[in-house]
Each structure stands twice: as C-alpha cells, then as structure tokens.
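A short worksheet on the structure shown next.
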Amino acid sequence: MGLARLVGQPPVLGYLLTGVLIGPYTLPTPLISNLDTIGLLAELGLVLLLFAIGLELGWRRIRSIGFQVLAIGVVEISTMILFGVWIAGMLPGLDASHGLYLGGALAISSSAILLKSLRDGANLNTGWGRTIVGILLVEDFAAVILLTILAGLATTGSASMADALWLAAKLGLFCIAVLVMGTLLGSRLSRALTWSRSDETLLLSSLGLCFLLALCATLLGLSPAAGAFLVGVVIGDTEVSPRVARLVSPVRDMFGALFFLSIGMLIDYRTLGDFLVPALAIAVVFMVGKIAANTVGSLLAGRSPADAVKVGMTMPQMGEFSLAIGRLSPSGVLGASPLGAILSIVTAVTSVLAPLTSRVALPLAQWLNRRSPAILRRLMLAVQIGVDTFWTALSLPGETGRLLRNAGRSILINVCIVVLLAVAGTGLLFAVPALVGTMISVP
C-alpha cells in the first residue's frame, strides 16, 4: 500500500495486489487458505464501509440532492447499466446471465478515491467538484439498491422479473420502516447512544446497531450491507453523528482494507490471462461510457461545456461497490463467476488511467474551446441557453411554475419508464433464447 502511494496510485490498487500475493493461490504455503474465512472478511468489510458511508450522507443530505444532479445520475446510471447488459453476451468468458451484474458494476464510481482526489486537488468546493460530489451521492444510494437486489437474485437462484420486483418491494418497505422509525426516535436514539458519556460505549453501541440492522436485512432476504447503510443514514441525522463518524473512522479504514485485501485473495492469478481481453474491453467501455454519459448529463443539467468535460473526465474510476457486485455469482452460473476477477483487473486499470484523464480535463476543455469550429461553439451556447432557460422556468413561482414542474415530473417519470422497459427488454432479448434452449434440451 505504501508503494502504491509512492508511485502516485490509489491504495485500493496496493490492497488488491497484496491480497493476490498473500492469497491461497500464490505462495507455496499460503498464509490464508480458507475461502469461507476470506469471504466473511469481505462481507464484514463491506458492511462497515456501507455503515460509514451512511454516516457521512445522512438522510438530510440525501434529500438535499438537487434535481439537476439527480438528472445527471439517472442519465449516467441508466446508460452504464444498458452498456453492461449489451456487452455481457459479446465477450468471451461471460454470458447473458452476467448482464445485470456487469451493468450494476459499471454504473458505480469509487466515492472514496474520487473524493480524496478532489480534496487533494483543492477542487472539492468548485462548481464542477460539487457536481461530482452530488453524482457520487446518487450513485452510492443507487449502489445500495443494486447490491441488495442483485445479491437477492444470486441467493434465490432465479433472475426473473417477478423476483426482482419482489426484492425491490421488500427493500422499499425496509427502507421506509427504518427511516420512519429513525425520524420518530432520532432524539431518543441520540440520548441512548450518549448515556454513558464514554467513547468506547458509543462506538460499541453504534456498531451493535449496525450489525443488528444488517442481521434484520439478512433475515428478510436482503443484503446485510443495506441494513448497515440505513442505520448509518439514521445515525447520520442525529447530534452524535460527528462523534460516531470520528470513532468509526479507524474501524472503517481497517475493515475497508480487509475488504479490498479479501477481494485480492479470491483472485487466482493463474487465470488472469484468460480474463485479460474481456477486462480490457470492459475497461474501455467503462471509461468511454462514464466520460460520455457524465459529460452529456452535465450539459443537460445546465453546466458549462468546460465544467461538463471536467466532470466527465474525472468520473471513470471503478471501486468498492463494483468489486462487491463482482463477488456475486449470477443465478444459473455453475462454479465461480469470472466477473470478480474481470472487475478486479478493470479496477486496477482504471486506478492507473483515471488520474491521467482527470489531469488532462482542464487542458482538454481549454483546447476544445479554442479549436472547435465557430458553428459548434454557437450550437453549444444555444444548447446551454436553452437548458438554463428550462431549469429557470421550472423554478418560477406561482401557478405557471407549478404547471411547468408538474409537466417536468411527468416527462421524467415517462423517461424512467422507457428506460426500465428498455433494460427489461434487453435483458429478455438475451435471456429468453437461453431459457428456451434449456427447456428444449430437458428430456
């Protein structure tokens, strides 16, 4: 990890490489050889990572996400899921059953790495930096939903639309129940956590609630990470949130490191050559798709062309949620899924390339502004004026503003329905032939 920092790479790359080195497939006498123990460490690390992310967000901060940033997130996540479903059946080593899992992994960037990069570059409070932070909030919330539904589909062994809808319904009811109870009992919860005025008791009580909600989620057939995230969101809105975040921080860092190490331990380096071609193809799709989707989404949200390019060029960094999704075995896949090893390679590749694309974002935006034809600059200016007029109209007071907002909501709902139907139709396009073939082959 120290070596990764010395060469200017994110620690996640060092953790993955260290995990491969000390895992059960590399050394003649491996330090750790029990795969169940490694999987448990990964699950524990993910639960604590999600708890810490929930603490940082809090329900108030999630509700404060602007409609424009939400629009960017919807455009980007929908685009990347469609890319994942599309490319899964075209690459060697993967098939159509990996589509939703690959799409979910491609939809999420690494919040930890990108936030640290923005903070180190003093860009966290710039206009485009705040846009990236908002997109990451949308992605983190979407990641919890995707992770829970995909984990449930992998556990049930069925990827039917009915199962996905049932899992989504259970997740929605669980979220509503936890958030309503948190709102009603927030002040009492805050007093209960601080009754002893001891940091140790506060830390243990918070972690106890984290694992209690994780257990409740597991009993409901949901991902334990969902319960940990939700209790973190609830505590994040209480008065003790800063103290809990400070106390949990070292525990989060330790188990976060264990999560990335365990992902590396599960990689058999001897098979990496078999996955190199699909991994490089997915890395190209991920980076190009992220840059294009976030740039276009930022333009549609009223950001300037220069800021839109900066947002797009900074986002293509795969991280922790994608690796967690990669650990899941799609239903119907016999043996270990190759998706985990492929996404680990993609994470390593994007860890090296994403800082380079981020550094060239500003020079590229300036170069495009100087070199682009006058007609293209006029077109971009007209688009920006039109988008600004649209968002200004939506914020008008009175009856006119209300009618425009209602029309905007109707359009957004219809677009979401079209996107969902496109995702479902694409999935059926790949899944139905395989299902029919299986039924015909059964005597």
Side-chain angles (χ1 to χ4, degrees), residues 12 16 19 38-39 41-47 49-50 53 73 76-88 91 93-113 136 138-157 159 163-164 167-168 171 217 221-226 228-229 256 259-260 262-264 266-267 275 278-279 282-283 285-286 289-290 316-333 336-351 423 427:
V12 61
L16 289 173
I38 296 172
L41 289 174
E43 193 73 35
L44 185 60
L46 182 64
V47 165
L49 275 174
L50 267 292
I53 290 173
E76 179 219 11
I77 292 170
S78 303
T79 301
M80 298 310 295
I81 290 177
L82 286 172
F83 277 162
V85 173
W86 165 69
I87 199 173
L91 294 174
L94 296 177
D95 55 47
S97 63
H98 293 92
L100 286 177
Y101 294 81
L102 180 57
L106 294 181
I108 312 300
S109 298
S110 174
S111 297
I113 297 174
L136 292 175
V138 177
E139 285 188 351
D140 286 345
F141 197 73
V144 177
I145 298 173
L146 287 170
L147 187 63
T148 301
I149 293 177
L150 294 176
L153 292 177
T155 301
T156 58
D163 289 319
L167 284 167
L171 177 61
L222 304 172
S223 168
F229 175 79
F259 170 74
F260 290 115
S262 61
I263 294 295
L266 294 172
I267 298 173
F275 305 134
I282 289 171
V285 170
F286 174 77
K290 278 280 183 179
Q317 170 63 66
M318 191 171 282
E320 51 277 3
F321 283 115
S322 301
L323 291 173
I325 292 173
R327 292 182 58 245
L328 305 174
S329 293
S331 56
V333 174
S337 170
L339 200 56
I342 290 174
L343 292 177
S344 297
I345 299 174
V346 176
T347 301
V349 171
T350 57
S351 295
V423 172

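This structure is a prediction, so every number in the text was calculated from the model and none was measured.
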*Between K290 (side chain) and A107 (backbone), is there a donor-acceptor pair under 3.5 Å?*
yes

*For S322 and A105, indicate whether the former's side chain and the latter's backbone hold a donor-acceptor pair under 3.5 Å.*
yes

*After noting the C-alpha distance and the side-chain angles of L146 and L100, does the key distance pass the side-chain contact (heavy atoms from CB on, under 4.5 Å) rule?*
CA-CA 9 Å; L146 287 170; L100 286 177; over 6 Å; no

Show the nearest heavy-atom pair for residues [X] and [Y], with the distance to one decimal.
X: D140; Y: F321; value: OD1-CE1, 3.5 Å
X: Y101; Y: I325; value: O-CG2, 3.3 Å
X: V285; Y: F83; value: CG1-CB, 4.1 Å
X: F275; Y: I342; value: CB-CG1, 3.6 Å
X: A143; Y: I108; value: CB-CD1, 3.8 Å
X: A217; Y: P224; value: CB-CA, 4.2 Å

_Which residue is it: V346, T350, I345? I am looking for the one with a side-chain contact (heavy atoms from CB on, under 4.5 Å) to I282._
V346

*Using side-chain contact (heavy atoms from CB on, under 4.5 Å) as the criterion, point out the one residue from V85, L339, I81 that pairs with L102.*
L339

*Rounded to the nearest 0.5 Å, how far apart are CD1 of I77 and CG of L106?*
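If we round to the nearest 0.5 Å, I77:CD1 and L106:CG are 12.0 Å apart.
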
*Take S109 and M318 through the side-chain contact (heavy atoms from CB on, under 4.5 Å) test and state the conclusion after the steps.*
CA-CA 5 Å; S109 298; M318 191 171 282; over 6 Å; no

